[in-house]
There are 2 protein chains.
Amino acid sequence: MYSKELLKGTLSVIILKLLSEHKRMYGYEIFKLVKERSDEKILLKDGSLYPALQKMNRDGLISFEKEYIGKRVRKYYYLTPEGESAKTTHIEELKDFMKTLDKIIFNQLNPI
Amino acid sequence: MYSKELLKGTLSVIILKLLSEHKRMYGYEIFKLVKERSDEKILLKDGSLYPALQKMNRDGLISFEKEYIGKRVRKYYYLTPEGESAKTTHIEELKDFMKTLDKIIFNQLNPI
DNA sequence: TTTAATACATAGAATTATGATGTATTGATA
DNA sequence: TATCAATACATCATAATTCTATGTATTAAA
């Protein structure tokens with residue numbers, strides 16, 4: 001597990017990216033995919049993931065459809081057109097930021 | 001300028017790294033070097049930098065010596081032994097985190 | 001039948017960067 | 001010489017975001 005603060009600013013980008021890959025995911029599914037791709041190093045907390053999804057919904061980046069699997073509720077989230085374009089700009093920003101960090105901390109590693 | 005949240009968790013690592021390179025720097029010098037290396041994209045605010053330095057001092061990672069250039073005060077900060085080892089672990093953590101982000105968001109770019 | 005996994009939620013705490021504001025010196029320029 | 005930009009520090013309230021703790025409830029497996 002990483003320092004709590006490192007995830008800040010990247011969680012929403014992660015969610016945008018995963019939704020753009022899968023079109024339709026529910027919270028717990030996002031949790032599992034992040035866990036898997038991060039080799040168990042990012043274990044999203046309920047208290048992080050669900051409020052984040054709600055905020056992104058309020059901000060118009062994602063919508064959801066409720067579905068009942070048996071009696072269990074699922075909220076399937078998907079990107080809105082706004083979310084789609086936010087994804088692109090936020091990923092670009094993150095990429096740029098990481099390149100900048102590389103330059104500052106790891107000393108011009110990526111000579112692109 | 002990047003989203004405010006992206007810097008969270010990385011500012012102290014940046015400071016640790018720059019101090020380990022230069023042995024001795026004052027706040028404004030750190031500001032200028034970060035500005036330069038980031039191509040003007042990270043412009044540390046007084047309200048971010050000075051409180052961060054004070055916190056790192058409280059945490060025992062850095063110390064300082066006051067110096068007077070004419071009548072102007074400067075606080076030259078330097079790494080303590082604790083700060084030296086914190087630097088190593090925090091940089092490793094950040095490197096690892098960035099690799100994980102690569103895997104999640106940019107899809108296995110660095111096949112190391 | 002008990003436990004782990006699934007699936008959602010909220011409230012309060014903690015952390016940290018920012019904005020706003022303040023003081024004061026120094027060098028350049030008009 | 002007067003003014004402005006740059007230098008150099010500081011604090012406080014605010015904003016944003018993740019985490020901890022807690023809660024409810026279903027389902028599958030042991």
Side-chain angles (χ1 to χ4, degrees), chain A residues 1-16 24-36 38 40-59 61-62 64-77 90 94 97 101, chain B residues 1-16 24-36 38 40-59 61-62 64-77 90 94 97 101:
Chain A
M1 282 305 303
Y2 301 112
S3 140
K4 316 175 182 190
E5 303 304 324
L6 280 182
L7 195 62
K8 289 200 179 181
T10 61
L11 176 53
S12 61
V13 189
I14 289 174
I15 294 174
L16 288 173
R24 197 169 172 277
M25 295 180 89
Y26 53 97
Y28 193 64
E29 206 175 1
I30 293 174
F31 163 79
K32 283 187 293 182
L33 188 52
V34 169
K35 177 183 171 187
E36 183 203 320
S38 70
E40 322 264 317
K41 285 175 197 159
I42 299 179
L43 302 172
L44 298 178
K45 306 304 186 283
D46 290 3
S48 310
L49 181 55
Y50 294 113
L53 289 169
Q54 289 162 17
K55 185 186 188 319
M56 293 171 74
N57 179 239
R58 280 200 306 280
D59 293 345
L61 301 180
I62 60 181
F64 65 87
E65 307 151 342
K66 270 191 186 177
E67 259 180 49
Y68 289 85
I69 310 298
K71 288 179 186 169
R72 185 177 285 163
V73 186
R74 269 186 198 164
K75 287 188 178 178
Y76 276 99
Y77 287 94
H90 289 157
L94 179 58
F97 180 70
L101 269 191
Chain B
M1 282 306 303
Y2 301 111
S3 141
K4 315 175 181 186
E5 303 302 327
L6 280 181
L7 195 61
K8 289 203 177 178
T10 62
L11 176 53
S12 62
V13 190
I14 289 173
I15 294 174
L16 288 173
R24 196 167 172 278
M25 296 181 91
Y26 53 98
Y28 193 65
E29 205 175 0
I30 293 174
F31 164 80
K32 283 187 295 183
L33 187 52
V34 170
K35 177 183 170 186
E36 183 202 321
S38 70
E40 322 265 316
K41 285 175 199 160
I42 299 179
L43 302 172
L44 298 178
K45 309 302 185 285
D46 290 4
S48 310
L49 181 55
Y50 295 113
L53 288 169
Q54 288 162 16
K55 185 186 188 316
M56 292 169 75
N57 179 240
R58 279 199 308 281
D59 293 346
L61 302 180
I62 61 180
F64 64 88
E65 306 152 340
K66 271 190 185 175
E67 258 181 49
Y68 289 86
I69 310 298
K71 288 178 186 170
R72 185 175 287 164
V73 186
R74 270 188 198 164
K75 286 187 178 177
Y76 277 98
Y77 287 93
H90 289 157
L94 179 58
F97 180 70
L101 270 190

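Every chain is numbered from 1, with letters handed out A, B, ... down the list of sequences.
- Considering only side-chain N and O atoms, A:Y50 lies nowhere under 4.0 angstrom from the phosphate OP1 or OP2 of C:dA9.
- Distance, A:F31 CZ to C:dC8 P: 12 Å, rounded to whole Å.
- Distance B:N57 CG to D:dA10 C1': 14 Å, rounded to the nearest Å.
- Shown are B:T10, B:L6, B:L11, B:V34; of these, the side-chain contact (heavy atoms from CB on, under 4.5 Å) with B:I42 is made only by B:V34.
- In this structure, A:G70 and B:V73 both approach DNA chain D, and ranking their closest nucleotides by distance from the 5' end singles out B:V73.
- A salt bridge links A:E5 with A:K8; the closest basic N to acidic carboxylate O contact falls under 4.0 Å.
- With sequence neighbours left out, A:F31 forms a ring-ring contact (aromatic ring centres under 6.0 Å, His included) with A:Y28.
- Here C:dA7 presents its P atom at 12 Å from CD of A:E67, a figure rounded to the nearest Å.
- Look at CD on B:E5: it is 11 Å from C1' on C:dT15, rounded to the nearest Å.
- The 5' end of DNA chain C is approached more closely, in terms of each residue's nearest nucleotide, by A:I69 than by the other of A:I69 and A:Q54.
- Taking the ring centre of A:Y26 as origin, the terminal cationic atom of A:K75 falls outside the region bounded by 6.0 Å and 45° from the ring axis.
- Within the structure, a side-chain polar atom (N or O) of B:Y26 is placed less than 4.0 Å from OP1 or OP2 of D:dA8.
- A straight line from NE2 of A:H90 to P of D:dA16 spans 14 Å, rounded to a whole angstrom.
- Atom CG in B:L6 sits roughly 16 Å away from atom C1' in C:dT15 (whole-Å rounding).
- To the nearest angstrom, P of C:dA9 lies 16 Å from NZ of A:K55.
- One finds a side-chain N or O of A:K75 lying less than 4.0 angstrom from the OP1 or OP2 phosphate oxygen of C:dA9.
- In this view, B:Y50 satisfies the ring-ring contact (aromatic ring centres under 6.0 Å, His included) rule with no residue, not counting sequence neighbours.
- When B:L44, B:L7, B:L33 are each tested for a side-chain contact (heavy atoms from CB on, under 4.5 Å) with B:I14, only one passes: B:L7.
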Check the interface with nucleotides 17-20 of chain C: list each N/O to N/O pair with the protein under 3.5 Å, or write none.
from   : atom 1 : to    : atom 2 : distance (Å)
C:dT18 : OP2    : B:S48 : OG     : 2.1
C:dT18 : O4     : B:G47 : O      : 3.4

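- Using a cut-off of 4.0 Å between Lys/Arg side-chain N and Asp/Glu carboxylate O, B:E65 and B:R24 are scored as salt-bridged.
- Computed from coordinates, the A:I30 CD1 to C:dA7 P distance equals 12 Å when rounded to whole Å.
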